[in-house]
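Notes follow the structure.
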Number of protein chains: 4
Amino acid sequence: MNMQTTVEPGEESRAADKPARAKRLRDPIQTQARILAAAKAEFAKVGLGGARIETIAEKAGVNKRMIYEYFKGKEELFQTVLEEMWTDIRTEERALGLDHLPPVEAIRAYVTFTWNYYLKNPEFMSLVNSENLHRARHVKKSRRFSELHRGFVDMLQQIVDRGVASGDFKAGVDTSQLHLTIAALGYYYLTNRFTGEVIFGFDFVSKEALQKRLDFNLDTIFSLLRPR
Amino acid sequence: MNMQTTVEPGEESRAADKPARAKRLRDPIQTQARILAAAKAEFAKVGLGGARIETIAEKAGVNKRMIYEYFKGKEELFQTVLEEMWTDIRTEERALGLDHLPPVEAIRAYVTFTWNYYLKNPEFMSLVNSENLHRARHVKKSRRFSELHRGFVDMLQQIVDRGVASGDFKAGVDTSQLHLTIAALGYYYLTNRFTGEVIFGFDFVSKEALQKRLDFNLDTIFSLLRPR
Amino acid sequence: MNMQTTVEPGEESRAADKPARAKRLRDPIQTQARILAAAKAEFAKVGLGGARIETIAEKAGVNKRMIYEYFKGKEELFQTVLEEMWTDIRTEERALGLDHLPPVEAIRAYVTFTWNYYLKNPEFMSLVNSENLHRARHVKKSRRFSELHRGFVDMLQQIVDRGVASGDFKAGVDTSQLHLTIAALGYYYLTNRFTGEVIFGFDFVSKEALQKRLDFNLDTIFSLLRPR
Amino acid sequence: MNMQTTVEPGEESRAADKPARAKRLRDPIQTQARILAAAKAEFAKVGLGGARIETIAEKAGVNKRMIYEYFKGKEELFQTVLEEMWTDIRTEERALGLDHLPPVEAIRAYVTFTWNYYLKNPEFMSLVNSENLHRARHVKKSRRFSELHRGFVDMLQQIVDRGVASGDFKAGVDTSQLHLTIAALGYYYLTNRFTGEVIFGFDFVSKEALQKRLDFNLDTIFSLLRPR
DNA sequence: TATGAATGAGAGTTCATTCAT
DNA sequence: TATGAATGAACTCTCATTCAT
């Protein structure tokens with residue numbers, strides 16, 4: 001029984017009138033979410049400098065003005081995008097429950113997760129690059145960002161400690177370096193895949209190539225951790 | 001071993017032509033070199049989208065018009081910068097004479113060289129990032145770029161082969177993956193050092209930190225290559 | 001003598017409704033008064049062109065929308081502000097009861113009143129300037145404004161006439177010109193005091209300077225009126 | 001007596017290229033002069049806040065971009081307009097050669113000059129008003145402005161001194177106050193003439209009205225200076 | 001009555017590029 | 001070869017105003 005004869009604004013986010021997209025949303029939360037999603041995509045695609053507010057607004061299906069209503073301006077929007085993005089990856093990481101896995105499995109899971117996360121969220125790498133081009137000036141201003149990483153190294157540290165205790169891993173491996181190395185192995189391959197493909201002459205993202213790289217990375221990490 | 005054939009960015013502000021710097025150069029080669037150096041620095045600093053032709057001209061101490069005289073426009077200038085840059089690193093690599101070193105020494109030298117090159121030429125990483133943001137569309141158009149990498153993998157392949165033959169390295173390591181891994185270890189650490197410092201809470205480029213990272217990377221690579 | 005019947009700008013920030021200031025006023029008269037006070041201050045501060053509806057709404061502590069509810073728009077709001085303002089000064093003038101004073105005292109009182117009014121209500125001058133910049137197009141549309149000035153010249157005329165009759169003033173002084181002159185002497189000094197201070201190099205609004213100017217103006221007017 | 005040495009705005013409408021008005025001037029001095037003239041007119045008409053860069057560019061017949069080439073922006077353009085304007089009036093004043101006239105004639109000439117200058121250059125008053133609305137923040141930054149007024153008061157001082165010596169003027173009249181009064185009498189009448197016409201009900205700028213006001217002002221000043 | 005979301009037009013300013021000398 | 005003037009198209013951001021509740 002149809003009780004909603006009237007066209008509801010905001011309704012368009014569901015099924016039905018997807019193509020009709022009502023002109024006025026009147027749903028500030030949705031509007032902000034749309035802006036953030038569009039901004040993330042655009043910043044990732046062309047960088048902070050290359051991104052156009054107008055394009056973001058169009059992609060988000062909102063009026064340009066709204067961006068200034070909800071976010072102060074381009075820079076603040078960028079900062080918010082970064083905060084959301086890093087919150088996401090850290091949240092997913094925690095959801096892995098690595099502390100309940102045996103050390104070898106935990107490492108394998110973490111390396112694999114990192115790889116898959118980059119693969120499924122290529123904007124992540126692009127935005128990290130952008131932020132580093134700007135010398136991290138946005139995250140440095142962000143309280144939320146700092147808090148997010150409280151205890152970040154500990155997670156891996158505990159796994160390594162357990163592995164050392166069990167005899168699976170050698171002692172004395174610096175956890176921060178290990179962290180950086182796990183990230184590096186996947187990140188570099190994927191973010192630089194375009195020039196890489198020209199230089200090395202093969203498709204970096206074919207199913208086989210991806211599997212090969214993940215295996216190689218696991219091998220690299222386990223070689224490093226293996227006791228002599 | 002000469003590692004500094006290359007024109008260094010910022011070079012123009014030093015020594016050399018300081019007094020001679022006549023207002024009208026009338027020296028097309030110098031002019032082009034100045035433009036390229038300035039462009040490299042600027043593109044590295046703020047990306048392709050963020051770079052301003054006017055700023056480049058000012059930094060180069062030449063008239064804006066000259067950029068259009070010698071290079072067709074911004075995009076072409078960027079492409080040329082990339083070509084020069086990659087030519088430089090490949091040239092220096094070849095100058096290392098790795099094929100005359102014993103395999104273990106050769107690997108050590110290559111890992112160390114790569115690390116040091118990134119360290120001394122941070123624009124390199126920044127520009128590679130930029131080019132990948134643009135999906136390698138400039139180098140794809142460049143014949144010079146392709147030619148530059150003919151036989152690039154072979155160099156490392158031969159070292160590995162020699163190492164396998166001598167029993168220093170295990171067999172079956174994919175050279176392209178090894179290449180990518182060597183690059184990744186240094187690159188990621190250095191290019192993402194700004195966000196990294198916020199996340200990990202230490203100075204990434206202190207003398208000690210740098211030495212520690214290089215040692216860690218060498219350890220990682222040798223662990224990987226070590227026969228079981 | 002009550003000179004403060006008028007609602008003072010900035011009044012709303014004081015006393016009165018401080019505690020009562022519920023978030024939702026539901027008091028249309030208060031709301032309108034607040035808007036007018038805020039608008040007056042803002043128009044005076046930055047002119048008609050420079051004033052922002054949003055700023056006025058914020059200062060008034062009301063929703064932007066209300067301005068359009070009670071006044072048609074920015075221009076109409078400005079017109080209303082002008083009407084209120086001129087009503088105020090004319091009301092205060094009448095309250096002086098000049099017709100009950102001896103001519104010399106009446107003139108002294110009027111010159112002094114005018115001077116003090118400008119001094120205490122600097123927005124008055126600023127708004128008059130604004131309206132003249134716009135060639136009086138708002139007050140020309142205002143019936144209320146015209147009615148306000150019916151018999152305005154007469155007041156002074158009667159004083160002058162009495163003074164001529166008593167032998168205190170010379171005959172033949174044009175009352176409109178006198179009016180304009182009395183206004184001019186105070187107005188110019190105060191409205192242009194900022195550039196004046198730079199040009200003449202002294203503080204125009206120190207206690208001494210103000211007294212000096214008032215004395216000078218009284219001297220000027222009485223010299224003019226004095227019979228030869 | 002040449003009062004029109006100054007370059008008049010609209011001057012460029014002379015000679016040659018009247019109809020042809022070349023699309024590209026390639027005459028930076030002309031271009032700057034055109035911009036300044038247009039800016040002066042526009043700022044005078046609608047104030048600093050109300051003036052539009054685009055409108056100024058159109059009036060000047062130049063590309064909008066040029067305004068940013070020659071002047072840094074709107075505020076700087078406004079400042080330059082003010083500097084030019086005040087330079088003009090001070091230059092013309094000096095050209096009067098008041099120090100060669102007998103004191104009474106000198107005062108008459110100065111009052112008359114001031115009146116006529118305002119009459120012929122109504123933008124002057126409008127711009128002074130604007131600058132005072134902005135609390136003189138532009139001229140305060142201008143070195144040129146301060147220098148312009150070095151010795152400004154002296155000119156009148158010497159005349160008054162000579163008049164006192166000759167017995168034409170009474171002693172003890174403050175020159176700064178006199179200066180301000182002479183300016184005030186003309187300025188107020190002319191700048192507020194639009195509201196004035198509504199209030200007083202006569203045409204302020206008819207030939208007769210203007211003559212009447214000038215005579216009244218001369219009378220006011222001479223009454224003030226006349227020895228008892 | 002009151003509110004906050006939404007809008008389109010246009011503001012100042014900057015950019016890559018071309019013209020004239 | 002070299003220069004500086006000139007341009008038109010954007011770009012970020014702001015404004016007065018209206019819509020929906």
ask   = For C:S126, what residues pass the side-chain hydrogen bond (donor to acceptor under 3.5 Å, both in side chains) criterion, not counting sequence neighbours?
value = none
remark   = Stems of at least 3 consecutive Watson-Crick or G-U wobble pairs (donor-acceptor distances under 3.5 Å) involving DNA chain E, listed by first number, are E:2-21 with F:2-21
message = List the residues meeting side-chain hydrogen bond (donor to acceptor under 3.5 Å, both in side chains) with C:T80, not counting sequence neighbours, and say none if there are none.
response = none
Without placing hydrogens or testing angles, list every side-chain donor-acceptor pair under 3.5 Å for residues 41-56 of chain A, not counting sequence neighbours.
residue	atom	partner	partner atom	Å
A:E42	OE1	A:K59	NZ	2.8
A:R52	NH1	A:G49	O	3.2

Annotated protein contacts, base or backbone, on nucleotides 9-14 of chain E with a non-hydrogen cut-off under 4.0 Å, one of B, S, - each = -BSSBB
query = Do any of residues 40-47 of chain A sit with a heavy atom less than 4.0 Å from DNA chain E, and if so which?
reply = none
query = Can you name the salt bridge (Lys or Arg N to Asp or Glu O under 4.0 Å) partners of D:R65, sequence neighbours left out?
reply = D:E69
request  = Can you sort out the partners of A:F194 under ring pair (Phe, Tyr, Trp, His ring centres under 6.0 Å), two or more places apart, ordered by chain and number?
outcome  = none
remark   = Sorted by chain and residue number, the side-chain hydrogen bond (donor to acceptor under 3.5 Å, both in side chains) partners of C:N63 (sequence neighbours excluded) come out as none
request  = Name all residues meeting the side-chain hydrogen bond (donor to acceptor under 3.5 Å, both in side chains) criterion together with C:H138; count only those two or more places apart in sequence or in a different chain, and write none if there are none.
outcome  = C:E75, C:E131
ask   = Can you name the salt bridge (Lys or Arg N to Asp or Glu O under 4.0 Å) partners of A:E76, sequence neighbours left out?
value = none
request  = Check ring pair (Phe, Tyr, Trp, His ring centres under 6.0 Å) between D:Y68 and all other residues, then give those that pass, not counting sequence neighbours.
outcome  = none
